[in-house]
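When a ligand or atom number is given, it counts from 1 through the structure's own listing order.
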Amino acid sequence: MTLNELEKSALSGEKIAMLTCYDATFAKLMEVAGVDMLLVGDSLGMVLQGAENTLNVSMHHMTYHTKSVAAGAPNTVIMADMPLGSYEHDDEAAYKNAEWLIRSGAHIVKFEGGGSKVKTARYLVERGIPVCAHLGFTPQSVNQLGGYKIQGKTDESAANIMADALAMSEAGVSFILLEMVPAALAKKISTSIRTPTIGIGAGVDCGGQVLVIQDLLGIYTGVAGKAPSEFKAPRFVKNFLSDTNSIESAIRHYVLAVKQKTFPAIEHSY
Ligand code: KIV
């Protein structure tokens with residue numbers, strides 16, 4: 001499917017199954033297993049580089065991994081994250097960096113935040129670069145947000161996220177990714193805008209779901225150097241490998257569960 005076909009399919013009610021992907025081997029496996037869209041996420045800072053957060057991921061890292069994923073999955077829509085510092089300062093620089101990701105094989109770029117970023121989204125969309133807006137918990141602002149915390153719990157915070165979603169939708173973004181927000185808020189947003197939503201820790205009523213592949217396989221045990229026993233996976237994570245016998249089969253189970261709305265269940269939602 002092309003990006004346009006995927007957007008249309010999501011608008012007609014078909015759930016989008018998305019996974020993070022950072023290399024050609026997994027990309028090929030995911031394409032064969034029917035994953036709709038691959039996210040070259042800056043989560044690679046944590047799951048590939050062993051860092052505590054995503055703050056030191058660079059454009060060089062992102063373009064390197066985007067090229068690898070594009071080589072492995074030439075027939076799948078690829079979204080690439082814009083890393084911290086690559087889009088916040090001025091729109092022209094944001095365009096240049098987005099262009100670099102597109103030239104590396106991405107079909108769409110994602111960046112975090114609403115507010116002043118709405119103008120940036122419009123700037124890119126008007127110049128032909130498809131955008132996904134990442135709202136709710138935004139990992140690049142982890143220090144400002146005081147840790148990995150659910151967003152949109154108070155009326156004020158929920159109203160702000162809703163306002164950002166409406167503004168981003170009007171700016172013409174192709175998707176809105178909602179991370180760690182109450183399921184009821186994600187449902188309200190998803191039914192109020194025409195732009196398809198993709199959730200992670202945002203309940204079953206989003207237009208699609210995304211998971212980090214290492215979480216789906218149950219192999220991420222926290223930052224390098226810390227005992228795995230100290231790590232507690234977030235509530236929205238499900239290990240799909242524990243009930244089956246191969247990585248491909250685990251990915252297929254995930255795709256099916258998203259399509260059939262059996263994942264995320266209530267215990268994976270806030
Ligand atoms: O970088 C990433 O993997 C992401 C997901 C958490 C959605 O942005």
Trainee: Distance alone, cut at 3.5 Å: any donor-acceptor contact between the side chains of T63 and S104?
Mentor: no
Trainee: Between Y254 and R252, is there a cation-pi geometry (under 6.0 Å to ring centre, at most 45° from the normal)?
Mentor: no
Trainee: For Y64 and T66, does a side-chain donor sit closer than 3.5 Å to a side-chain acceptor?
Mentor: no
Trainee: For a quick test of your reading: what N or O donor-acceptor pairs under 3.5 Å do the side chains of residues 182-193 make, sequence neighbours left out?
Mentor:
unit_1 : atom_1 : unit_2 : atom_2 : d
S190   : OG     : A186   : O      : 2.6
S190   : OG     : T197   : OG1    : 2.7
T191   : OG1    : K187   : O      : 2.9
T191   : OG1    : K188   : O      : 3.1
S192   : OG     : K188   : O      : 2.5

Trainee: Identify whether NZ of Lys or CZ of Arg in K28 sits under 6.0 Å from the centre of the six-membered ring of F26 and within 45° of that ring's axis.
Mentor: no
Trainee: Could you list each nitrogen or oxygen of ligand 1 that sits under 3.5 Å from a protein nitrogen or oxygen, with the atom names and the distance?
Mentor:
unit_1   : atom_1 : unit_2 : atom_2 : d
ligand 1 : 1 (O)  : D42    : N      : 3.1
ligand 1 : 1 (O)  : D42    : OD1    : 3.1
ligand 1 : 1 (O)  : S43    : N      : 3.0
ligand 1 : 1 (O)  : S43    : OG     : 3.3
ligand 1 : 1 (O)  : D81    : OD2    : 3.0
ligand 1 : 3 (O)  : S43    : OG     : 2.5
ligand 1 : 8 (O)  : K110   : NZ     : 2.7

Trainee: Please tell me whether Q140 and T54 have a donor and an acceptor in their side chains that are separated by less than 3.5 angstrom.
Mentor: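 No, because no side-chain N or O of Q140 sits under 3.5 Å from a partner of the opposite role on T54.
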